[in-house]
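Below is one structure, written out as structure tokens; the observations come after it.
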Amino acid sequence: MSTAKALVVIVWLLLFSCFFVATNSTVSLLGRLGFWLLATIHIVECAVFLPRLSGAPGPLLGHLLRTLVFGFLHLREVPAPTTERAPPS
């Protein structure tokens, strides 16, 4: 795992931990907002790049889960789908 991906996992864990602290603190509210914002952005990335992910080798569910966690860091590693043309008849 690259350093950037490790940092993303740490950010996810920090934001998720805000759900387990007092709800009246500013840090908790900002952490929860950050969690939902990051989750929403990554869900939109999954929707936008679904054709590219479905055309990539490997299971689609695995690509979707990695995109939900790592976002564009995973998308950089996914090869762009190639469009093969039928030979002229």
Side-chain angles (χ1 to χ4, degrees):
M1 180 183 300
S2 69
T3 305
K5 285 187 175 183
L7 288 174
V8 170
V9 169
I10 291 170
V11 169
W12 272 112
L13 291 174
L14 287 173
L15 294 176
F16 185 68
S17 69
C18 290
F19 286 97
F20 300 103
V21 295
T23 58
N24 57 355
S25 72
T26 305
V27 173
S28 172
L29 295 174
L30 289 175
R32 291 176 186 192
L33 176 66
F35 177 87
W36 291 117
L37 183 65
L38 190 62
T40 302
I41 289 169
H42 286 195
I43 289 170
V44 168
E45 283 179 341
C46 283
V48 169
F49 292 102
L50 185 61
R52 182 174 174 181
L53 293 173
S54 62
L60 176 61
L61 182 60
H63 287 301
L64 289 173
L65 289 175
R66 284 186 292 255
T67 302
L68 281 175
V69 174
F70 301 115
F72 74 91
L73 294 176
H74 174 65
L75 292 170
R76 290 187 318 180
E77 299 171 358
V78 175
T82 58
T83 54
E84 295 182 22
R85 296 183 181 177
S89 12

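Residue numbers start at 1 and run along the sequence shown.
Annotation: the span from Cys46 atom SG to Arg52 atom CZ amounts to 12.5 Å, rounded to 0.5 Å. In this structure, CG in Leu53 is found 4.5 Å from OG1 in Thr67, a value given to the nearest 0.5 Å. With values rounded to the nearest 0.5 angstrom, Leu30 atom CG is found 6.5 Å from Thr26 atom OG1. Distance check, rounded to the nearest 0.5 Å: CD1 of Ile41 to CG of Leu68 gives 12.5 Å. A distance of 11.5 Å separates OG1 in Thr40 from CD in Glu45, rounded to the nearest 0.5 Å. In this structure, NE2 on His42 lies 12.0 Å from NE2 on His74, to the nearest 0.5 angstrom.
A continuous path of Ile, Leu, Val, Met, Phe, Trp and Tyr side chains, each step under 4.5 Å between heavy atoms, connects Val69 with Leu13, placing both in one hydrophobic cluster. A continuous path of hydrophobic side-chain contacts links Phe20 to Leu38 [ILVMFWY only; heavy atoms under 4.5 Å]. Neither Leu73 nor Leu64 shares a network with the other; the hydrophobic side chains, linked directly or stepwise wherever heavy atoms of I, L, V, M, F, W or Y lie under 4.5 Å apart, form separate groups for each. Placement of Val44 and Phe49 within a single hydrophobic cluster is found when ILVMFWY residues are connected by side-chain heavy-atom separations under 4.5 Å, directly or transitively. Val21 and Leu14 end up in different hydrophobic clusters when Ile, Leu, Val, Met, Phe, Trp and Tyr side chains are linked at under 4.5 Å.
Using the six-membered ring where Trp is involved, Phe16 and Phe35 have ring planes that are tilted, between 30° and 60° apart.
Results of the side-chain contact (heavy atoms from CB on, under 4.5 Å) test with Val11 over Leu15, Val8, Val9, Leu7 single out Leu15 as the only residue that passes.
Contact between Ser28 and Cys18 at its shortest, heavy atoms only, is OG-O, 3.1 Å.
Looking at His63, its side chain does come within 3.5 Å of a backbone N or O of Pro57 through a donor-acceptor pair.
The local environment of CZ in Phe19 is crowded, with over 12 non-hydrogen atoms from other residues, nucleotides or ligands closer than 6.0 Å.
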